[in-house]
Amino acid sequence: MNDRRWKSLDESTEKRLNEQIKIEAVSAAHYLAMASWCDQNGYAYSAKYLLDQAEEERQHMMKFFTYVLEVGGAAKSPDIQGIRHDYGSFKEIFEVMLDQEISVSQSINELVDHCNKVKDHTTQSFLRWFVDEQREEEANARRALELFHVIGNDGPSHYLIDQEIAKIRATQPKEK
Ligand code: FEO
């Protein structure tokens, strides 16, 4: 059913939303790989934190996916390849996490800019939740990295940092 009257979504917006579906799915896959690395290296609290983060990203993907369907578009199930499983250090996990979250924020902001341009107020309103969510996710990733500066970056410090990582999630507001 390709009749334009059946959907309220501009073709270019539909394409960008499908790109965002893939970005969220890739984020989930990266967090799973990071969780596995942490578990294998003895960072049990961080592994749990990253597993929960992977689940959140999957929920983000599903929000985009169901939104595209709701407005009559064709949501695409993302094809994901090339997920990195090797990390050089515990700290690198959180450096990559912050880079990833900053990149997702940029992508959401560009989507909002696009909606402004094509005057798609419905999608823009839908995106507001993600703008707020990204602020929180970046803050959490920055907090994790900060721990390496305030506690240290050696073996005993890593033991403490791993426990502090669990507290970041415990103080997060509940997902809506
Ligand atoms: Fe859904 Fe953290 O990007």
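One-based numbering, in listed order, for ligands and for the atoms of each.
- The aromatic rings of Tyr67 and Phe126 lie parallel to each other, their planes meeting at an angle below 30°, with 60° marking the opposite boundary.
- Between His158 and Phe148, the two ring planes are perpendicular [angle over 60°; tilted spans 30° to 60°].
- With respect to the salt-bridge test (charged N to carboxylate O, under 4.0 angstrom), the residues Glu19 and Arg16 do not qualify.
- The two residues Tyr45 and Asp162 come nearest to each other via the heavy atoms CB-O, 3.0 Å.
- Atom 2 (Fe) of ligand 1 has Glu57 OE2, Glu101 OE1, Glu101 OE2, Glu137 OE1 as its protein N, O or S neighbours under 2.8 Å.
- Taking the six-membered ring where the residue is Trp, His60 and Phe130 present perpendicular rings, their angle passing 60° and hence far from 30°.
- One side chain, His114 or Thr13, offers a donor N or O that lies under 3.5 Å from an acceptor on the other.
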